[in-house]
Structure formats: structure tokens, C-alpha cells
S.K.: 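Here it is, the structure, as C-alpha cells.
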Amino acid sequence: MSGTSPALTPPADATQPVRHADAPAPGELLGAHYGQCFGCGGEQPHGLHLAARAGEGLSITAEFTVRPEHQGAPGLAHGGVLATALDETLGSLNWLLRTIAVTGRLETDFVRPVPVGTTLHLAAEVTAVAGRKIYSTATGRIGAPDGPVAVRADALFIEVKVDHFIDHGREEEIQAAMNDPDQIRRARAFEVNP
């Protein structure tokens with residue numbers, strides 16, 4: 001992304017991250033990390049229902065279709081919804097590192113309008129890691145994986161412990177997630193940024 005702020009430029013001592021041995025296999029659908037998540041959760045009637053797949057290396061692809069409830073200007077996706085789609089896609093990259101992380105900074109370029117009814121195809125990758133900081137980038141294209149670029153983003157995620165969610169989340173939802181008898185769903189509820 002051109003004009004990236006210094007906060008999103010990895011330091012000289014940053015390393016090239018490595019995909020975790022237990023990361024989802026390339027092509028595997030990641031599924032929702034939490035049913036109530038506006039970005040990926042199936043229990044949100046007006047959510048994005050973003051579907052992400054693991055890619056090669058430290059990349060993922062995702063897509064969602066802009067529905068009428070996602071519009072800002074008449075017939076066009078709301079910019080905040082597009083930023084949410086980018087944030088959700090970038091956050092899903094942390095599953096490939098098997099790291100719990102939250103968004104520290106997100107810079108978005110809106111290149112062209114995205115009409116209601118359009119499927120936005122997103123591609124993201126981790127570019128560097130420096131301590132607890134994870135640097136990544138994403139692009140959203142209209143209509144096809146090789147369609148015209150509509151949005152771009154660079155992000156900085158910060159690795160956190162699960163206590164971050166317990167200390168700051170609303171108690172009812174935290175308890176419901178922690179009491180889920182499905183151990184995998186219980187762990188995944190806290191894997192991606194809030």
C-alpha cells in the first residue's frame with residue numbers, strides 16, 4: 001500500500017514469520033471463530049458472514065457479498081463495512097500463526113465504490129513479525145479474485161493472552177464462550193481480534 005505510515009512499517013530486526021505446524025491446511029475453510037462475530041459469525045443476521053480459507057504460506061483468501069443492510073450511500077457498501085471485512089480477513093491470518101492477537105492499527109485505502117450485490121474477494125498475507133507485533137496486508141477485489149481492486153489495507157496486530165478478552169469483554173458473552181462444551185469452539189472464540 002502506498003503511503004503506509006511508519007507505524008505499519010516493520011522494523012529492521014523484524015523476521016519473516018513461519019506458518020505454524022498445526023495451522024489449517026491450504027484450501028481449508030476456517031469457519032467462524034465466534035458465532036456472534038459481526039465479521040464471520042453465522043449467528044449475526046446482518047453480519048458479513050465472511051468465509052475465509054487458508055492459503056499457501058502465510059496467506060488466506062476470503063469473500064463476502066455486500067447485502068442491502070451493508071450500504072452507506074444508496075446502493076453502495078458502507079466504508080466501515082469494507083474496513084470491517086479487511087480487518088476480519090487480516091485477523092484470520094493469526095490462525096496460521098496459532099497466535100491470539102488484536103488489531104493495533106488498520107490503515108485502509110478505498111479505491112473504488114463497491115455496489116450492493118457485489119461479491120468482494122479478499123486476499124491477505126502476513127509480511128513480518130517483530131516481538132508481539134504482526135504486520136500484514138490485504139486487498140479486496142470486485143467480482144472475482146483477479147477483478148478490479150476496490151480496497152486495500154495494511155495492519156498491525158498485537159499478540160495478547162486470553163486474559164485480554166476476559167478482562168475487557170462483557171461477562172455474559174465471556175462466560176457463555178468459556179462454558180461451551182465443545183473445546184475447539186471454546187478455544188476459537190478467543191483466537192481473533194474482538
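These numbers were taken from a predicted model, which means no experiment stands behind them.
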S.K.: Within the distance-only criterion (no hydrogens, no angle test), does the side chain of R132 pair as donor or acceptor with the backbone N or O of E159 below 3.5 angstrom?
M.R.: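 Yes; judged by distance alone, with no hydrogens or angles, the pair exists.
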S.K.: Any salt bridge (charged side-chain N to carboxylate O under 4.0 Å, His left out) pairs touching residues 16-29, not counting sequence neighbours?
M.R.: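 Salt bridge (charged side-chain N to carboxylate O under 4.0 Å, His left out) check on residues 16-29 returns no pairs.
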S.K.: Would you say I100 and V102 are hydrophobically clustered, going by side-chain heavy atoms of ILVMFWY under 4.5 Å?
M.R.: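 Yes, one cluster joins them.
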S.K.: Could you walk me through whether F157 and L106 pass the side-chain contact (heavy atoms from CB on, under 4.5 Å) test, one step at a time?
M.R.: CA-CA 9 Å; F157 282 79; L106 177 71; over 6 Å; no
S.K.: Do you reckon L120 sits in the same ILVMFWY cluster as V116, going by side-chain contacts under 4.5 Å, direct or chained?
M.R.: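 Yes.
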S.K.: Got a donor-acceptor contact below 3.5 angstrom from the H121 side chain to the F64 backbone?
M.R.: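 No, the answer is negative, given that no donor and acceptor are paired below the 3.5 Å cut-off.
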S.K.: State, yes or no, whether a side-chain contact exists between H20 and L97 at a heavy-atom distance under 4.5 Å.
M.R.: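 They are not in contact (no side-chain heavy atoms under 4.5 Å apart), so the answer is no.
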S.K.: So do Y135 and P11 actually touch side chain to side chain, heavy atoms under 4.5 Å?
M.R.: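 Of all side-chain heavy-atom pairs linking Y135 with P11, at least one is under 4.5 Å.
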S.K.: Any side-chain heavy atom of L122 sitting closer than 4.5 Å to one from L50?
M.R.: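 They are in contact (side-chain heavy atoms under 4.5 Å apart), so the answer is yes.
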S.K.: When T137 is tested against each of L8, L86, T127 for side chain to side chain contact (heavy atoms under 4.5 Å, CB included), which residue passes?
M.R.: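 Single pass found, and it is T127.
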S.K.: With rounding to the nearest 0.5 Å, note down the distance linking OG1 in T139 to CZ in R152.
M.R.: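 The CZ atom of R152 is 7.0 Å from OG1 of T139, to the nearest 0.5 Å.
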S.K.: Please report the closest heavy-atom contact between L30 and W95, naming both atoms and the distance.
M.R.: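 Distance-wise, the nearest heavy atoms are O-CZ3, 3.0 Å.
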S.K.: Return each pair, listed once, that meets salt bridge (charged side-chain N to carboxylate O under 4.0 Å, His left out) where at least one residue sits in residues 47-73; pairs must be two or more places apart or across chains.
M.R.: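 Of all non-adjacent pairs touching residues 47-73, those that pass salt bridge (charged side-chain N to carboxylate O under 4.0 Å, His left out) are R67-E69.
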S.K.: What pair of heavy atoms forms the shortest contact from A138 to L90, and how long is it?
M.R.: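 Nearest heavy atoms, A138 then L90: CB-CD2, 3.7 Å.
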S.K.: Considering non-hydrogen atoms only, spot the tightest contact between L96 and G57 and give its length.
M.R.: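 The pair with the smallest heavy-atom distance is CD1-O, 4.1 Å.
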S.K.: Measure from the side-chain N and O atoms of E88 to the backbone N and O of A85, and report whether any donor-acceptor pair falls under 3.5 Å.
M.R.: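 No, the answer is negative, given that no donor and acceptor are paired below the 3.5 Å cut-off.
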S.K.: Could you check if a side-chain atom of R141 sits within less than 4.5 angstrom of a side-chain atom of V149, using non-hydrogen atoms only?
M.R.: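 Result yes, sub-4.5 Å side-chain heavy-atom pair found.
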S.K.: If you take all heavy atoms of L29 and A51, which pair is closest and at what distance?
M.R.: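 The pair with the smallest heavy-atom distance is CD1-CB, 4.1 Å.
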S.K.: Nearest 0.5 Å, what's the CG-CZ distance between D154 and R105?
M.R.: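 D154 atom CG to R105 atom CZ measures 10.5 Å (nearest 0.5 Å).
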S.K.: To the closest 0.5 Å, what do you measure between NE2 (H70) and OG1 (T84)?
M.R.: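 The NE2 atom of H70 sits 9.5 Å away from the OG1 atom of T84.
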S.K.: Can you give me the closest heavy-atom contact between A153 and T108, atom names plus distance?
M.R.: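 Where A153 meets T108 most closely, the heavy atoms are CB-OG1, 4.1 Å.
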S.K.: Between OG of S136 and CG of N94, what distance do you get to the nearest 0.5 Å?
M.R.: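 That separation rounds to 7.0 Å.
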S.K.: Closest approach of I60 and T89, non-hydrogen atoms and distance?
M.R.: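 Distance-wise, the nearest heavy atoms are CD1-O, 3.1 Å.
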S.K.: Taking side chain as C-beta onward, heavy atoms only, is I134 less than 4.5 Å from L93?
M.R.: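 No. Closest side-chain heavy atoms not under 4.5 Å.
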S.K.: Hey, does the side chain of T15 reach the backbone of V129 with a donor-acceptor pair shorter than 3.5 angstrom?
M.R.: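 Such a contact is found between T15 side chain and V129 backbone.
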